[in-house]
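Below: the structure, in structure tokens.
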Amino acid sequence: MDATDAPDWCEELLSEPERARADSFRQVPGRRRFAAATALLKVAVAGSVGCDPFDVKLRRECPDCRRLHGRPEVVGGTPNVSLSHSADLLAVALCADGPVGVDVEQVNPDVDMDGMLRFVFGDAERGFFDEIRGRQARLEAFFQCWTRKESVLKATGDGLRIPMSNVTLEAPDGHVRLAGFTNRPELVEATQIVDLQSGPGYVGAVTVLSTRPVRVWQLDGADAFTAAAALVRDRSRIAVR
């Protein structure tokens, strides 16, 4: 969903550490996106498990530095969650069957594709990419590959600490799949990747790590906020509009 469509009361759902993180953004749009994404994740979790969004607690501790900027986890363990934002687009993903990762990206025409190819593509993939003709087609293919791979790395918990070229993808029949992951061959049969319908100018993908078949349901975040408004309408500290 578009972060600018999030309700004014989003920040009411933030914990004190989350408010401090929001305050660390120097620009209002950045603060707004962080608050909206965090609130959307909480209302989505609340809707899935049937609780009050104020009762959803998240952990964000970075495994490297222990600061509160790591990937979110629901206190209590389930569901598995992930979130992403690019420009004004927000996306959250929930899954009870295994770790999940979601990524959305705005297709930026100014990106330095040539300078990033080695980080993003493995040797075999680079050959396919080099065959694509036309700047726009190459841009879309680049960002499509990026979102797919970042969603995989979010699901595994590696994030961008390792190069995307460690992940090899195939889509021979139009359905993308993981063909290889450096030093982790067991992930090939347990990784499910689905492209998202992200709207004009954006691409997105979600990955679930599970050997069980997973069906992805893509819903509008505005509907989750509407449901949350009904749940919190009687909270005296919030004016739902």
Side-chain angles (χ1 to χ4, degrees), residues 1-14 18 32-58 60 71-107 143-144 146-148 150-155 174-176 191-210 212-233 235 238 240-241:
M1 70 168 292
D2 192 316
T4 61
D5 293 334
D8 294 338
W9 46 264
C10 280
E11 291 194 21
E12 294 290 341
L13 292 177
L14 271 57
E18 290 164 345
R32 178 72 173 174
R33 281 192 297 269
F34 175 81
T38 302
L40 179 59
L41 182 55
K42 289 187 176 185
V43 300
V45 170
S48 71
V49 302
C51 72
D52 189 317
F54 282 100
D55 294 332
V56 177
K57 308 300 181 186
L58 302 175
R60 296 175 179 267
R71 67 172 179 168
E73 296 179 348
V74 177
V75 174
T78 56
N80 299 285
V81 299
S82 180
L83 65 80
S84 178
H85 59 77
S86 180
D88 286 327
L89 185 66
L90 306 177
V92 303
L94 285 66
C95 183
D97 291 328
V100 62
V102 66
D103 189 56
V104 292
E105 299 290 341
Q106 186 177 40
V107 179
F143 279 102
Q144 185 178 57
W146 182 287
T147 59
R148 289 168 173 174
E150 186 163 355
S151 74
V152 171
L153 294 174
K154 283 186 173 183
H175 297 286
V176 62
T191 300
Q192 301 175 59
I193 308 166
V194 177
D195 290 332
L196 300 176
Q197 299 298 317
S198 304
Y202 292 88
V203 291
V206 62
T207 292
V208 174
L209 303 183
S210 175
R212 298 175 57 185
V214 173
R215 177 177 292 181
V216 174
W217 297 90
Q218 188 170 341
L219 306 173
D220 190 341
D223 293 336
F225 277 128
T226 298
L231 287 171
V232 302
R233 192 175 304 278
R235 301 295 283 252
I238 198 168
V240 179
R241 321 190 264 283

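Source: prediction; values computed, not measured.
We find the CZ-CG distance between Arg148 and Asp103 to be 12.5 Å, quoted to the nearest 0.5 Å. Distance check: Tyr202 OH to Thr147 OG1 gives 13.5 Å after rounding to the nearest 0.5 Å. The CZ atom of Arg71 sits 14.0 Å away from atom OG of Ser84, with the distance rounded to the nearest 0.5 Å. In this structure, the separation between CD on Gln106 and OG on Ser198 is 11.5 Å, given to the nearest 0.5 Å. Rounding to the nearest 0.5 Å gives a distance of 9.0 Å between CG of Asn80 and CG of Leu94. Between the CD atom in Gln192 and the NE2 atom in His175 there is a gap of 13.0 Å [rounded to 0.5 Å].
Leu13 has its side chain within reach of Phe54: a pair of non-hydrogen atoms, C-beta onward, lies under 4.5 Å apart. Inter-residue side-chain proximity for Thr207 and Thr191 is flagged as met; some heavy-atom pair is nearer than 4.5 Å. Side-chain atoms of Arg60 and Thr38, non-hydrogen and from C-beta on, do get closer than 4.5 Å to each other.
A side chain to side chain contact (heavy atoms under 4.5 Å, CB included) with Phe225 is found for one member of Asp220, Leu40, Asp5 and no other, namely Leu40.
Of all heavy-atom pairs between Val56 and Cys51, the closest is CG2-SG, 3.8 Å. Val102 and Ser82 make their closest contact through N-OG, 3.0 Å (heavy atoms, listed as atom of the first residue, atom of the second, distance). Taking all atoms of both residues into account, the shortest heavy-atom contact from Ala35 to Leu14 is O-CD1, 3.9 Å. Closest of all the heavy-atom pairs between Ala205 and Asp195 is CB-OD1, 4.0 Å. Summarising the geometry of Cys95 relative to Val100, their closest heavy-atom pair is CB-CB, 3.9 Å, with the distance given to 0.1 Å. Residue Val104 comes nearest to Ser86 through the heavy atom pair O-CB, 3.4 Å, listed as atom of the first residue, atom of the second, then distance.
Judged by distance alone, the side chain of Gln218 and the main-chain N or O of Gln197 form a donor-acceptor pair under 3.5 Å. Side-chain atoms of Lys42 never come within 3.5 Å of backbone atoms of Pro53 as a donor-acceptor pair (strictly under, hydrogens ignored). Listed for the Arg32 side chain is a donor-acceptor partner under 3.5 Å among the backbone atoms of Ala6.
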